[in-house]
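The first residue of the sequence shown is numbered 1, and numbering continues consecutively from there.
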Amino acid sequence: MTRRFALLALLILSTAAVFADDFGVDVSTQPLGSPFFRHLAFDFGLDIHDVVKLERHGFGRGETVTIVLIAKATGASFKDYAKRRLKDQVPLKDLASEAKLDYPTLLKNVRAVKEGIEAKGDQNLPPPVFEPSPTPEPRRAKRGKNQPSPSPTPSPTSSIKPLAAPSPVAPAP
């Protein structure tokens, strides 16, 4: 009896796991970004989604503010500087020198901006931005990779020939 119960429980749990995987998206009810990054995005007119990506990739507060200030000084996109910093591992000092900025002065400005945002804390947060709600897709039959669905009628170029009508059978003598 216990064996049957264990087998039934395993079957139910695996079925539930399969259906849960179909939706596969965890929906968060929390606003995007920590209060620091929300203030930073709002104060500098940046898209919170892009700033949160930096936070998720491990960029620190000072590093993010430095990249934002360099981008504002040059008029370039801060995403370009972030990509170079992440992929090519270009030091911040090199990014600043390319932008013709004095690095020690830049660091003083970074500290001032960072301290100003940290002083705000959780007070007067900008309006929250949430991740879009996922819409579940209808279940589809699983096929192999890149296999088209079969056509009910053969195409003119198909190598499949329709079956010929069976020949009449003569009665046995």
Side-chain angles (χ1 to χ4, degrees), residues 6 8-146:
L8 181 63
L10 180 65
L11 179 65
I12 291 172
L13 290 175
S14 63
T15 305
V18 167
F19 286 117
D21 270 351
D22 285 346
F23 293 105
V25 178
D26 292 330
V27 179
S28 174
T29 57
Q30 295 293 321
L32 286 175
S34 65
F36 180 86
F37 287 98
R38 286 174 63 189
H39 279 299
L40 178 68
F42 186 76
D43 292 350
F44 285 90
L46 304 171
D47 184 17
I48 186 69
H49 294 92
D50 296 332
V51 176
V52 168
K53 284 180 186 176
L54 295 182
E55 182 181 20
R56 288 181 184 158
H57 281 293
F59 281 72
R61 292 176 174 185
E63 185 177 19
T64 304
V65 172
T66 305
I67 289 173
V68 168
L69 289 180
I70 291 172
K72 288 294 179 179
T74 60
S77 168
F78 82 96
K79 290 192 292 186
D80 295 336
Y81 284 110
K83 285 179 187 176
R84 287 191 57 211
R85 176 85 172 122
L86 189 64
K87 290 183 180 179
D88 301 335
Q89 297 181 358
V90 178
L92 291 173
K93 191 172 189 174
D94 292 349
L95 291 176
S97 65
E98 288 174 11
K100 298 180 176 124
L101 297 172
D102 181 45
Y103 192 64
T105 306
L106 177 65
L107 289 181
K108 287 179 187 176
N109 291 334
V110 167
R111 273 188 231 110
V113 168
K114 185 178 164 195
E115 288 172 1
I117 292 175
E118 287 173 343
K120 293 178 185 179
D122 293 343
Q123 305 298 321
N124 301 321
L125 283 172
V129 176
F130 298 95
E131 291 184 25
S133 298
T135 54
E137 294 182 16
R139 289 183 57 118
R140 298 179 191 175
K142 292 185 179 180
R143 296 188 197 111
K145 265 189 173 174
N146 300 327

Within a strict 4.5 Å, meaning less than it, do heavy atoms of the [X] and [Y] side chains meet?
X	Y	result
Phe44	Val51	no
Leu92	Ile67	yes
Lys120	Asp43	yes
Val113	Ile117	yes
Arg84	Glu98	yes
Phe36	Lys114	yes
Glu55	Thr64	no

Heavy atoms only: give me the nearest [X]-[Y] pair and the separation to one decimal.
X	Y	value
Ile70	Ala99	CG2-CB, 3.9 Å
Ser77	Ala71	C-CB, 4.1 Å
Asp94	Ser97	O-OG, 2.9 Å
Phe37	Ile48	O-CD1, 3.7 Å
Ala96	Tyr103	CB-CD1, 3.8 Å

Rounded at 0.5 Å granularity, tell me how far [atom1] in [X] sits from [atom2] in [Y].
X	Y	atom1	atom2	answer
Leu107	Leu101	CG	CG	11.0 Å
Phe78	Leu54	CZ	CG	5.5 Å
Asp88	Leu95	CG	CG	9.5 Å
Leu46	Lys72	CG	NZ	5.0 Å
Glu118	Arg111	CD	CZ	12.5 Å

